[in-house]
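The structure appears below as structure tokens.
Below, read A as the first sequence line, B as the second, and so on, with proteins coming before strands; counting in each chain starts at 1. Keep in mind it's a predicted model, so treat the numbers as computed, not measured.
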Amino acid sequence: MAPALNAENELLKDLNEPQKEAVLHGDGPLLVLSGAGSGKTRVITRRVAHLVQVRGVYPWRILAVTFTNKAAREMRERLVQLLGPQAHELVVSTFHSSSSMILRRVLRDPTVGADKSLEAVTGGLTPSFVIYDDGDQLQLVKRAMREVRVDPIMQPREILHRIDQEKNAARLPDDMVVDSEDLRGMVVQKTYRAYQRLLRAANAVDFGDLLLLLVALFRKRSDVLEQYRRRFQHILVDEFQDTNPVQYELLRLLAPPERRPNLVVVGDDDQSIYRWRGASVDNILGFPEEYVGARVVKLEQNYRSDQTILDAAHAVIARNTRRMPKKLWSDRPKGEHLQLLMNRDERAEAQDVARRIHELQREGFIKYSGMAVFYRTNAQSRVLEEALRLARVPYTLVSGRSFYDRAEVRDAAAYLRLMVNPRSDADLLRIINTPARGIGDTTVERLVDWAQQAGVSLYEATAAPERIPGLNTAAVRRLTGFHAVVSSLHAFAQESKDAASAVDQMLKESHLVESLVTEGSDESLSRAENLREFLGAAQEFDLNRAAAAVAAASLGDEEGEEVPERPPEEESLDDSPLTADVPPLNAFLEQISLVGEADAEVGEGRVALMTLHAAKGLEFDAVFITGMEDGVFPHSRALASEDPDGEEMAEERRLCYVGFTRARKRLFISLAQCRSLFGELRYNPPSRFLREVPQSLFGFAEQELETPVPKSAPMVARKRNWADEDDGPRVDRSYSQTSDMDGVGGDVRGMRVRHEQFGMGRIVSADGNGPNAKVTVEFGGGVGLKRVIARFLMPG
DNA sequence: GGACATATTATTTTT
DNA sequence: TAATATGTCC
């Protein structure tokens with residue numbers, strides 16, 4: 001067919017051989033191993049377009065999964081350019097949001113609803129479930145701990161983390177393997193069970209459940225699974241190296257290896273940097289064994305960075321042992337040398353960075369928007385910001401707290417979820433006294449106790465508060481008033497045809513805006529403003545939704561030639577969009593819980609400041625990597641881990657690789673002799689990663705360095721001298737000097753001390769060092785043993 | 001219920 | 001150091 005050929009040529013334009021191979025790959029599994037900057041996103045998009053335009057695959061049979069919403073949005077936009085309105089029929093989204101769409105749909109399936117045996121899995125979850133985020137989860141864990149009265153040997157945070165890990169590993173509470181010796185494991189499991197009960201009682205799921213439940217349902221109901229296997233005949237996954245075990249399990253269910261499915265996974269094992277939140281590199285490393293006969297295509301030509309930068313990146317990453325061998329190459333010029341910035345402390349470092357940014361801009365080759373400063377931890381950003389502000393360099397801090405993280409917006413979201421689903425206890429607890437309506441801790445506590453006894457949700461308990469023992473008439477009256485608000489909002493939500501009117505109604509009836517305006521402080525007024533913005537977001541959401549509906553509807557009747565005729569035997573296949581008939585308010589809620597902030601505008605004409613993690617997927621002409629010191633980067637935690645050459649260090653190294661390969665032309669690596677960390681002054685040796693970069697890649701122009709550095713052995717050799725340089729920093733070294741002695745500086749046991757509150761006492765033991773060293777003191781006056789912070793003590 | 005003091009704790013962060 | 005959590009008092 002000639003038109004198809006034309007389309008094909010168009011789609012293969014400017015692609016190199018391996019890229020073409022990936023786009024044109026026929027049927028069966030394919031692993032695209034893509035080095036940094038080798039155009040993988042382009043390959044996925046072109047392949048999707050190819051499937052539709054040339055191979056005539058129906059768009060609704062394609063599932064493209066990305067890692068972030070931002071990536072999904074960008075891919076959708078590109079596909080609309082390539083395919084036109086047809087692209088709206090493709091499912092392009094993250095694992096979580098596609099799972100939630102499928103999960104709602106599965107739960108709506110009448111045969112699933114009728115299947116009582118599934119209740120063990122679903123816990124009675126209905127399709128209108130709400131999604132709980134981290135904060136809600138933590139509240140639930142605390143309540144679960146109270147309920148099951150587990151030994152307080154673990155912090156709620158730690159338990160929650162373990163629960164998340166279990167879910168990431170695709171384990172339901174009952175699948176959890178706990179050996180009877182493992183006390184902590186038992187605590188986790190007990191809490192996990194209670195936590196799941198609370199979650200289900202509120203008709204809620206957490207992020208982990210979104211995937212895990214679908215996996216569990218698919219395992220139980222092969223007929224339902226089969227429907228989705230038939231529907232999604234082509235599955236493409238981006239950033240495969242960052243998938244966790246549940247996600248992989250879901251993929252294996254939808255695209256079982258033995259059927260040689262059309263599963264295309266794209267990723268770079270060298271850029272796997274999310275192990276700490278459950279991602280497993282093994283997924284990508286083991287893919288060829290799991291999907292036997294999978295084709296592997298390597299994209300090794302880099303289009304982004306100059307050779308010098310690639311050489312540096314390669315020198316670092318090559319030290320990792322478990323990786324798929326590949327080496328990036330480029331036909332770009334060698335480029336400029338790397339530059340090493342060495343400074344006294346983090347302030348000098350920041351000033352140096354600011355100065356060089358200014359110079360680069362003045363030279364006129366690189367614009368502010370082409371530059372970025374990376375750091376390992378967020379705490380490092382402050383000094384950098386100060387220096388840039390002082391140097392009048394415009395910058396944007398990428399990430400930071402997002403709009404939906406702000407307290408008032410979260411309150412509003414809690415109200416909305418309660419509107420949809422009044423059983424949501426976590427949301428009710430959040431806003432029962434927001435704005436203040438005189439329902440205090442005691443009242444809430446009695447309410448919670450009673451509801452738990454009666455086995456009803458908190459909302460139901462507020463229906464007739466006079467039943468609750470111990471409440472005075474005022475409390476009863478207030479609870480009744482609160483119930484009236486929620487029930488009226490709930491009724492409104494059932495009727496509302498769009499999200500904005502529901503949000504508007506909620507803001508009025510809850511008095512959220514009103515109370516903030518009444519308060520009248522600058523801060524509360526800006527909060528009120530945020531709430532109006534929230535309403536604006538809902539309006540925008542409605543508009544988009546309407547537009548998408550129009551686009552979808554017009555597809556059918558306009559020119560039919562574009563849309564392939566569906567064969568008769570496919571009639572039974574459900575091809576309706578996955579979002580069909582989700583009520584607008586639910587859909588809006590879904591969006592705000594699954595989508596963080598809209599855009600982290602890497603601003604016009606501004607230097608971007610971000611963590612190395614946030615840098616993934618981006619590129620800049622000039623990149624500054626700061627804090628290149630052992631203990632900062634690699635992070636002290638990796639250095640301290642039981643196996644300092646193990647997975648943790650490997651991940652830091654990959655992070656370094658990611659950082660280096662973001663740079664197109666200039667790479668500046670910066671370190672400081674000392675920096676203060678948690679109020680303590682630390683002397684860190686230069687990063688081991690720095691030492692792994694061949695010296696020849698650096699240009700050491702004397703005048704560019706703060707302190708002259710011998711051309712030979714610029715890094716390691718100087719390490720020892722730093723601490724005793726003549727013009728060294730004027731610093732209070734008392735902490736570092738005491739640090740190797742037993743905690744607080746010599747043996748202090750038996751010393752008499754005085755504490756503001758507890759009076760006189762005698763030190764029994766000491767632990768820790770630095771300003772937060774603690775001592776155990778035996779106080780007189782009936783106070784007894786107390787562990788207090790040493791600096792709050794006076795010698796007595 | 002809020003103000004104040006005292007204690008605690010410091011990766012990375014998406015969904 | 002600095003941001004937050006917890007506890008105590010009125």
Side-chain angles (χ1 to χ4, degrees), chain A residues 65-72 93-100 131-134 137-138 142 155-157 161 164 167-168 205-212 239 242-244 246-247 272-279 346 374-383 398-402 404-405 433 436-444 590-597 600 610-617 627 631-641 648 651-652 654-655 658-659 675-682 735 755-758 768 770-772 774 786-789 791-792:
Chain A
V65 187
T66 58
F67 196 61
T68 63
N69 282 298
K70 193 172 161 234
S93 65
T94 60
F95 268 107
H96 284 85
S97 80
S98 34
S99 295
S100 91
I131 303 168
Y132 277 11
D133 66 16
D134 191 68
Q137 285 180 273
L138 196 62
K142 286 182 183 163
Q155 297 293 314
R157 266 267 157 236
H161 182 241
D164 280 339
K167 293 191 172 188
N168 282 338
V205 298
D206 60 18
F207 288 112
D209 284 339
L210 244 22
L211 304 160
L212 186 52
E239 306 284 13
D242 286 325
T243 52
N244 65 29
V246 217
Q247 293 167 333
S272 168
I273 54 174
Y274 287 109
R275 199 182 75 105
W276 50 274
R277 64 181 197 213
E346 74 271 22
F374 301 155
Y375 34 83
R376 178 67 240 267
T377 63
N378 277 314
Q380 292 166 249
S381 72
R382 238 199 54 238
V383 194
V398 175
S399 124
R401 279 177 72 105
S402 87
Y404 293 108
D405 267 351
N433 202 30
R437 37 171 88 79
I439 302 175
D441 291 347
T442 326
T443 309
V444 171
E590 181 114 3
Q591 176 175 302
I592 62 179
S593 49
L594 290 178
V595 182
E597 164 65 356
M610 67 189 87
T611 63
L612 283 150
H613 281 87
K616 199 171 91 165
V632 178
F633 186 33
H635 194 272
S636 51
R637 218 134 144 159
L639 286 168
S641 81
E648 239 171 309
E651 181 139 324
E652 296 284 321
R654 293 192 288 262
L655 193 56
V658 168
R675 66 178 67 231
S676 45
L677 195 69
F678 310 144
E680 240 180 300
L681 205 63
R682 277 276 156 76
Y735 292 143
H755 185 269
E756 282 275 298
Q757 195 187 335
F758 305 127
N772 297 322
K774 293 177 192 72
K786 289 270 179 203
R787 219 161 83 92
V788 294
I789 292 187
R791 72 186 142 95
F792 290 137

Legend entry - Ser636(A) side chain near dT11(B) phosphate (N/O to OP1/OP2, under 4.0 Å): no
Inset, instruction - Using atom CD1 of Ile273(A) as one end and atom C1' of dT11(B) as the other, report the distance to the nearest whole Å. - result: 12 Å
Legend entry - With Arg675(A) via salt bridge (charged side-chain N to carboxylate O under 4.0 Å, His left out) - residues at least two apart: Glu349(A), Glu629(A)
Inset, instruction - Measure the distance from NE2 on His96(A) to C1' on dT13(B) and round it to the nearest whole Å. - result: 13 Å
Legend entry - Nucleotide dT14(B), atom P - distance to CG of Asn168(A) in whole Å: 15 Å
Inset, instruction - Could you check whether the rings of His613(A) and Tyr274(A) sit parallel, tilted or perpendicular, using 30° and 60° as the cut-offs? - result: tilted
Under-3.5 Å N/O pairs linking protein and nucleotides 1-4 of chain B:
unit_1	atom_1	unit_2	atom_2	d
dG1(B)	OP1	Asn433(A)	ND2	3.4
dG1(B)	OP1	Ile439(A)	N	3.4
dG1(B)	OP1	Gly440(A)	N	3.3

Legend entry - Nucleotide pairing, DNA chain B (Watson-Crick or G-U, distances under 3.5 Å), in dot-bracket with [ ] and |: ||||||||||.....
Inset, instruction - Can you sort out the partners of Ser99(A) under side-chain contact (heavy atoms from CB on, under 4.5 Å), two or more places apart, ordered by chain and number? - result: Leu211(A), Leu214(A), Leu250(A)
Inset, instruction - Would you indicate what Arg376(A) reaches in the nucleic acid, counting non-hydrogen atoms under 4.0 angstrom: base, sugar-phosphate, or nothing? - result: base
Inset, instruction - Starting at atom CG of Leu138(A), determine the distance to atom C1' of dA5(C), rounded to an integer number of angstrom. - result: 12 Å
Inset, instruction - Examine distances only and state if a side-chain atom of Asn378(A) and a backbone atom of Thr611(A) form a donor-acceptor pair shorter than 3.5 Å. - result: no
Inset, instruction - Measure from the side-chain heavy atoms of Thr68(A) and tell me the nearest of dT11(B), dT15(B), dT13(B). - result: dT15(B)
Inset, instruction - Using a cut-off of strictly less than 4.0 Å, decide whether Asn69(A) has a side-chain nitrogen or oxygen near OP1 or OP2 of dT14(B). - result: no
Legend entry - Value in whole Å for how far the P atom of dT1(C) lies from CZ of Arg675(A): 18 Å
Legend entry - Any donor-acceptor N/O pair, His635(A) side chain to Arg376(A) backbone, under 3.5 Å: no
Inset, instruction - Classify the nucleic acid contact of Glu239(A) as base, sugar-phosphate or nothing, counting any heavy atom under 4.0 Å across all strands shown. - result: nothing
Legend entry - Separation of atom CG in Asp164(A) from atom P in dT15(B), rounded to whole Å: 15 Å
Inset, instruction - Give a yes/no answer on whether the side chain of Arg277(A) brings an N or O atom under 4.0 Å of OP1 or OP2 in dT12(B). - result: no
Legend entry - Side-chain N or O of Asn244(A) closer than 4.0 Å to phosphate OP1/OP2 of dT15(B): no
Inset, instruction - Taking Asn168(A) for its side chain and Asn244(A) for its backbone only, find out whether a donor-acceptor pair lies under 3.5 Å. - result: no
Inset, instruction - Keeping the roles fixed (side chain from Arg654(A), backbone from Ile273(A)), state whether a donor-acceptor pair exists under 3.5 Å. - result: no
Legend entry - Residues in ring-ring contact (aromatic ring centres under 6.0 Å, His included) contact with Tyr132(A), at least two apart in sequence or another chain: none
Inset, instruction - For His635(A) and dA10(B), give me the distance from atom NE2 to atom P, rounded to whole Å. - result: 11 Å
Inset, instruction - Would you mind calling dT6(C) syn or anti? Take O4'-C1'-N9-C4 for purines or O4'-C1'-N1-C2 for pyrimidines, and syn is within 90° of 0. - result: anti
Inset, instruction - Select one nucleotide: of dT15(B), dT11(B), dT13(B), the one nearest the side-chain heavy atoms of Phe207(A). - result: dT15(B)
Legend entry - dA5(C) and dT12(B), which share atom name P, separated by this distance in whole Å: 16 Å
Inset, instruction - List for me each residue that meets side-chain contact (heavy atoms from CB on, under 4.5 Å) alongside Asp206(A), sequence neighbours excluded, and say none if there are none. - result: Gln137(A), Lys167(A), Tyr195(A), Leu199(A), Asp209(A)
Inset, instruction - Answer yes or no for this row: Phe67(A) ring on dT14(B) base, centroids under 5.5 Å, planes under 30°. - result: no
Inset, instruction - Check the distance between dA2(C)'s C1' and Asn378(A)'s CG and give it to me in whole angstrom. - result: 14 Å
Legend entry - Geometric cation-pi criterion, Lys616(A) with Phe67(A): 6.0 Å, 45°: yes
